[in-house]
Amino acid sequence: MNHLHKLQILKNVSPNFVGRCRNPIWQVGSLCYIVENPRFYGTKTMVQTENLDRNLIGNDQSISKISDAARREAQASTALLEYLHSTRSFQFLDAEHMSKYSPVFVKNLLKKVNIDADIRRSIARYLRYHPINEFEIFFESMGLKPQEYGSLLPRDLMYLSDDDLLLENYHVMCNYGIARNKMGKIYKEATEVFRYDYGVLALKLKAYEKLGLSSSFIAKVVVRSPDLLIGDANIDFIKILELLRKGGLEYRRIEKLLSDKSTYNWSQLLSLLNLFGKAGYNDEQLSELISQKPWILREDSVDRALLLIGFLLKFGSTMNQICSLFLQFPKVQVEKFASNLRHCFLFLNEINMEAYEIGKLFRSHPIFIGSFTLKKTNSLLSRLNAGKKRICEVIQENPEIMKKWVKGSKIEWLPDSGEELRSQMLKTKFFLDLGFVENSDEMKRALKVFRGRGAELQERFDCLVIAGLDRKDVCEMIKVSPQILNQKKEVIEMKIDFLINDLGFPISSLVRFPSYLSYTMQRAKLRLTMYNWLKEQGKVNPMLSFSTIVGCTDNVFLSQYVDRHPRGPEIWEDLKKEICSA
């Protein structure tokens with residue numbers, strides 16, 4: 001142990017211990033240090049450490065191991081301590097804490113001082129003629145960073161002694177057991193606490209003691225929730241304590257459940273507990289929930305828990321199911337849990353799973369789904385080597401298969417279900433029944449064009465026959481335009497209805513122009529409306545066929561028909577806006 005470290009140990013010995021020492025001799029290692037004035041910690045005279053520091057630092061070769069910057073800062077802190085205690089008459093403990101826990105201020109001070117051989121004397125000389133803003137060093141020692149306390153500095157004050165209420169309330173908190181370096185949070189979030197008149201803050205702290213809380217409990221909780229010291233006693237906080245105590249949780253147990261690193265929103269927490277209460281949970285169950293899952297108390301967790309509850313309610317979960325979920329909550333942060341649920345929902349939505357199936361999945365397996373993070377959808381689709389419909393079916397049969405699709409896992413192809421082979425056989429049989437020749441070019445083209453399952457072909461074929469077409473005509477239509485069977489049954493029915501009732505064409509028009517079913521209804525309506533206007537203007541052949549009007553390309557339709565009238569392009573654009581935006 002080098003001498004500088006020994007000196008540091010000597011300085012950190014409790015001043016109360018020094019006051020009790022009849023023979024103030026401290027032995028550290030093989031050295032013995034004698035304090036010339038046992039009461040110097042309690043007086044405002046110059047701290048007699050200069051010669052001792054110089055001897056220790058000058059005679060020990062191991063001091064070379066300490067960086068020059070660290071040595072300079074240590075000596076600057078000592079000089080600052082002497083200035084605050086001896087020159088500015090701060091209590092020694094205040095001066096020591098301020099000088100020790102304001103490294104940024106000390107570094108900036110060193111930059112301003114013209115240092116000679118003796119750093120401490122140089123700084124002492126500088127401070128003698130250049131008064132410092134004591135609020136800067138005070139706020140930094142309270143745990144605030146320069147960027148945090150910059151806006152809190154008073155404009156017309158430099159000396160802390162000029163703000164007696166600030167120091168008074170600071171000492172009330174110190175004496176109560178609140179750590180000095182945690183008071184910055186209180187000052188930042190509840191500045192008015194440091195403006196209370198003499199005795200007010202002590203009464204507020206006493207009011208919480210009357211509830212049966214220990215001073216250590218109060219000291220801990222006010223640092224995390226400074227608003228408890230503003231106004232009257234916080235009613236939401238008191239209600240929560242009463243509720244938990246009725247449920248069997250003692251105050252000592254509640255104190256242990258509170259974290260020094262978390263903040264608490266008692267109003268939101270009370271709302272959450274009331275929500276559970278309305279779902280049928282009694283005080284004992286709520287206390288058990290908090291005891292088992294203390295993270296629920298935290299402000300960020302309460303906020304996330306409320307969002308999670310709303311999310312699950314949208315999928316049809318009951319409050320009883322949600323309460324049960326919280327009691328069985330996995331070892332995952334609630335924020336991560338909610339994120340996993342959302343990620344899974346997006347995946348299921350992207351593979352086109354029906355909404356009611358997603359809801360059923362979330363109601364029956366919320367803990368399982370929220371406990372892991374799925375890979376991205378594109379990655380899963382490529383690595384599973386299966387279509388979206390197949391993946392949906394696999395998940396519905398066994399939701400826990402998604403455990404194998406989490407981030408970091410090796411994805412295996414889904415086993416072949418045989419559905420593809422069965423579908424291909426049905427397609428082949430359907431086209432053979434229509435009169436296609438097996439393995440002919442016509443047959444190959446039809447199989448290649450058709451998208452969908454084989455079982456859907458017959459349903460769509462029957463839809464055309466039921467609409468009034470002859471079976472033989474439908475067979476010929478499909479040979480000419482096999483792609484018309486790519487339309488769903490509902491879409492085919494809707495387009496036929498539009499052809500007959502809106503456009504005024506007979507069903508037989510489809511025999512001559514089956515490709516109509518491949519076009520959108522907006523296209524057909526736009527072309528026919530424009531054609532009728534041009535016909536009224538006498539600019540087109542009134543006997544043009546339905547297939548010519550709808551089937552030609554846009555460029556051909558515009559150049560051969562629309563552009564024949566000077567106002568044609570204008571009318572075309574107006575109709576396009578009206579029809580296509582409807």
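Only heavy atoms go into these numbers, but all of them, side chains included; no hydrogens, no water, no symmetry mates.
Scanning all heavy atoms of the two residues, the minimum distance from Ser287 to Leu244 falls at OG-O, 3.0 Å. Taking both residues in full, the closest heavy atoms of Leu144 and Gly184 are given as CD2-O, 3.5 Å, listed atom of the first, atom of the second, then distance. The two atoms that bring Gly568 and Met530 nearest to each other are O-CE, 3.5 Å, heavy atoms only. Pairing each heavy atom of Ile238 with each of Ala233, the nearest pair is CD1-CB, 3.7 Å. Across Ala305 and Leu272, no two heavy atoms sit closer than the pair CB-CD2, 4.2 Å. Minimum heavy-atom separation, Asp563 to Pro569: OD1-CG, 3.7 Å.
Ion pair Asp303/Arg298 not flagged as a salt bridge, since none of the NZ, NE, NH1 or NH2 atoms sits closer than 4.0 Å to an Asp/Glu carboxylate oxygen.
For the pair Tyr187/Met142, a side-chain contact is recorded, criterion being any heavy-atom separation below 4.5 Å from C-beta on. The closest side-chain heavy-atom distance from Lys576 to Leu526 is below 4.5 Å. For the pair Val550/Phe513, a side-chain contact is recorded, criterion being any heavy-atom separation below 4.5 Å from C-beta on. With contacts defined as side-chain heavy-atom distances shorter than 4.5 Å, the pair Ile496/Leu510 qualifies. With contacts defined as side-chain heavy-atom distances shorter than 4.5 Å, the pair Lys388/Glu350 does not qualify. Phe337 places none of its side-chain heavy atoms less than 4.5 Å from the side chain of Arg304. By the 4.5 Å heavy-atom criterion applied to side chains, Leu313 and Ile322 are counted as neighbours. When side chains are defined from C-beta on, Glu189 does not count as touching Asp227, because their heavy atoms never get closer than 4.5 Å.
Under the 6.0 Å cut-off for aromatic ring centres, Tyr531 and Trp533 do not qualify, their centroids lying 6.0 Å or more apart. Aromatic pair Trp405/Phe372: ring centres not closer than 6.0 Å. Residues Phe326 and Phe276 bring their aromatic ring centres within 6.0 Å.
Once rounded to the nearest 0.5 Å, the distance linking CD of Gln285 with CG of Leu327 reads 7.5 Å. We find the NZ-NZ distance between Lys410 and Lys404 to be 13.5 Å, quoted to the nearest 0.5 Å. Note that CD of Glu573 is 10.0 Å distant from CD of Glu570, once rounded to the nearest 0.5 Å. Leu241 CG to Tyr251 OH: the interatomic distance, rounded to the nearest 0.5 Å, is 5.0 Å. We find the CG-CH2 distance between Leu534 and Trp572 to be 10.0 Å, quoted to the nearest 0.5 Å. Rounded to the nearest 0.5 Å, atoms CG (Leu485) and CZ (Phe461) are 8.5 Å apart.
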Stepwise, does the salt bridge (charged side-chain N to carboxylate O under 4.0 Å, His left out) test hold for Glu242 with Lys239? CA-CA 5 Å; Glu242 290 176 350; Lys239 285 181 178 179; over 6 Å; no

Trace of the side chain to side chain contact (heavy atoms under 4.5 Å, CB included) decision for Ser214 with Glu255: CA-CA 9 Å; Ser214 65; Glu255 181 181 351; 3.5 Å; yes

Audit row: Arg383, Lys375, side chain to side chain contact (heavy atoms under 4.5 Å, CB included) steps and yes/no: CA-CA 10 Å; Arg383 297 185 185 185; Lys375 288 180 181 287; 3.5 Å; yes

Would Asp462 and Gln458 satisfy side chain to side chain donor-acceptor pair (under 3.5 Å), going step by step from the backbone distance to the final call? CA-CA 6 Å; Asp462 293 342; Gln458 190 64 49; 3.0 Å; yes

Could you walk me through whether Lys188 and Glu148 pass the salt bridge (charged side-chain N to carboxylate O under 4.0 Å, His left out) check? CA-CA 8 Å; Lys188 191 168 113 174; Glu148 292 179 304; 2.9 Å; yes

Step by step, would you call Ile395 with Phe347 a side chain to side chain contact (heavy atoms under 4.5 Å, CB included)? CA-CA 12 Å; Ile395 293 172; Phe347 164 68; 3.7 Å; yes

Assess whether side chain to side chain contact (heavy atoms under 4.5 Å, CB included) is satisfied between Tyr561 and Leu544, documenting all intermediate values. CA-CA 11 Å; Tyr561 306 114; Leu544 282 179; 3.6 Å; yes

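For His343 (side chain) and Leu374 (main-chain N/O), a donor-acceptor pair under 3.5 Å exists by modelled atom type. Within the 3.5 Å criterion, the main-chain N or O of Val556 finds a donor-acceptor partner in the side chain of Ser559. In this structure, Arg363 contributes its side chain and Gly316 its backbone to no donor-acceptor pair below 3.5 Å. The main-chain N or O of Ser547 is never found under 3.5 Å from a side-chain atom of Tyr516 such that the two would form a donor-acceptor pair. Counting only distance, with no hydrogens or angles, the side chain of Arg527 and the backbone of Cys552 share a donor-acceptor pair below 3.5 Å. Lys293 places a side-chain N or O within donor-acceptor distance of the main-chain N or O of Phe329, the cut-off being under 3.5 Å. Although no hydrogens or angles enter the test, the distance criterion places a donor-acceptor pair under 3.5 Å between the side chain of Ser271 and the main chain of Ser267. At least one donor-acceptor pair closer than 3.5 Å links the side chain of Ser509 to the backbone N or O of Pro506. Checking side-chain atoms of Asn340 against main-chain N and O of Gly370 turns up a donor-acceptor pair under 3.5 Å. Panel note: side chain Arg224, backbone Lys220; no donor-acceptor pair is recorded below 3.5 Å.
Side chain to side chain, Thr548 and Ser545 meet the donor-acceptor criterion of an N or O pair below 3.5 Å. Side-chain contact of Arg253 with Ser291: a donor-acceptor pair under 3.5 Å is present, judged by distance alone. Side-chain contact annotation: Ser339 with Glu335, donor-acceptor N/O pair under 3.5 Å absent.
Under a cutoff of 6.0 Å and an axis angle of 45°, Arg252 and Phe217 do not form a cation-pi pair.
Surrounding NZ of Lys360 are at most 12 heavy atoms belonging to other residues, nucleotides or ligands under 6.0 Å away. Within 6.0 Å of the NZ atom in Lys525, the count of heavy atoms belonging to other residues, nucleotides or ligands does not exceed 12. The number of heavy atoms from other shown groups lying within 6.0 Å of CD (Gln333) does not exceed 12. Other residues, nucleotides and ligands contribute only 12 or fewer heavy atoms inside 6.0 Å of the CG atom of Asp232. In this structure, Arg342 places its CZ atom where only 12 or fewer heavy-atom neighbours from other residues, nucleotides or ligands lie under 6.0 Å away.
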